[in-house]
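FYI, the numbering just counts along the sequence from 1. What you see is a predicted model, and the numbers here were worked out from it, not measured in a lab.
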Amino acid sequence: NPISNSHVILFPVPFDDETDLVENPGSQKLVDEQELQDSRLMVNGPPVTSVTLPDILSSIPAGTIILKMDIQGYECKALLTPGVFSSAHFIPYIFMEWSEIAGPLRSSLCPDLDALIDLLKNNGYSARDVLTLGTLPDRCLQNPVTDVMWVHESAIHIWKEETVVACRFVSNMIHIPA
């Protein structure tokens, strides 16, 4: 992914063997040199250098930023990069697909999920279910629940009343009561 926790050279390769790049040009993934050598994938264009979330934030003149992150599980690496929460920006809401972060690829994409949750909480954020806006219990965050909105304690409340919701897991939509 071009957004990471460090600056590395990445190479565009096919996402899989079945997807047609002409029909779906977004069906590429970026891999580092080691993965490229190990997999023997075919490169589909020039290499790019990854950026960090602080790099992106430093280029935005607005003082308040709402983040909508969809970087296929790399949200963990991006947010754990030093400098994200010490920038001059106020980030009231952070939206992300939690199913990628806490899902089956967790050990490779977000091996330190607890550190991410602690970082967000220590910076004044609480987790809410995107659909219901209810507070997500901590036990939900260890599992691949649906989309999560992290809300800063100073953010404007966009919900009418406080509720705690059940965990809505992506896999078969299993519900665990609140």
Checklist entry - If you take all heavy atoms of L133 and I158, which pair is closest and at what distance? => result CD1-O, 3.5 Å
Next on the checklist: In the structure I gave you, are the side-chain heavy atoms of T146 and V130 within less than 4.5 Å of one another anywhere?
Outcome noted: no
Checklist entry - Within a strict 4.5 Å, meaning less than it, do heavy atoms of the V84 and N123 side chains meet? => result no
Next on the checklist: Is the shortest side-chain heavy-atom distance between D70 and F95 below 4.5 Å?
Outcome noted: no
Item to check | W98-L131 co-clustered via ILVMFWY side chain contacts under 4.5 Å | outcome: no
Checklist outcome for this item: When rounded to the nearest 0.5 Å, the distance separating NZ of K121 from CD of E153 is 13.0 Å
Item to check | Close side-chain approach of E35 to D32, heavy-atom, < 4.5 Å | outcome: yes
Next on the checklist: Are the side chains of L67 and I91 in contact, using a 4.5 Å heavy-atom criterion?
Outcome noted: yes
Checklist entry - What pairs with H157 under ring-ring contact (aromatic ring centres under 6.0 Å, His included), at least two apart in sequence or on another chain? => result W159
Checklist entry - Between N5 and T52, what is the shortest heavy-atom contact and its length? => result C-CG2, 3.9 Å
Checklist entry - Quick one: CG on L53 to CG on L57, what's the gap to the nearest 0.5 Å? => result 4.5 Å
Item to check | Separation of D112 CG from R106 CZ (nearest 0.5 Å) | outcome: 9.0 Å
Checklist outcome for this item: To the nearest 0.5 Å, atom CG of L136 lies from atom OG of S126 at 9.5 Å
Next on the checklist: In the structure I gave you, are the side-chain heavy atoms of K77 and I71 within less than 4.5 Å of one another anywhere?
Outcome noted: no
Checklist entry - Checking side-chain contact (heavy atoms from CB on, under 4.5 Å) for the pair T132/T163: CA distance, chi angles, key distance, verdict? => result CA-CA 9 Å; T132 65; T163 58; 5.6 Å; no
Next on the checklist: Check whether H7 reaches the backbone of T49 with its side chain - one donor and one acceptor, N or O, closer than 3.5 Å.
Outcome noted: no
Item to check | Common cluster, M149/I156, ILVMFWY with side-chain heavy-atom separation under 4.5 Å | outcome: yes
Checklist entry - What heavy-atom pair brings S50 and S6 nearest, and what distance separates the two atoms? => result OG-O, 2.7 Å
Next on the checklist: Quick one, C76 and L109 - any side-chain contact, counting heavy atoms below 4.5 Å?
Outcome noted: no
Checklist entry - With sequence neighbours left out, what residues match S154 under side-chain contact (heavy atoms from CB on, under 4.5 Å)? => result F90, H152
Checklist entry - What are the two closest heavy atoms between L79 and L119, and how far apart are they? => result O-CD2, 3.3 Å
Checklist entry - When rounded to the nearest 0.5 angstrom, what is the spacing between CD1 in I9 and CG in L30? => result 11.5 Å
Next on the checklist: Can you tell me if E33 has over 12 outside heavy atoms packed within less than 6.0 Å of its CD?
Outcome noted: no
Item to check | Heavy-atom side-chain contact between I94 and E75 under 4.5 Å | outcome: no
Next on the checklist: Once rounded to the nearest 0.5 Å, what's the spacing between atom SG of C167 and atom CG of L141?
Outcome noted: 8.0 Å
Next on the checklist: Can you give me the closest heavy-atom contact between P92 and Y125, atom names plus distance?
Outcome noted: O-CE2, 4.1 Å
Checklist entry - Considering all heavy atoms of both residues, which atom of A102 and which atom of N143 are nearest to each other, and what is their separation? => result CB-O, 3.3 Å
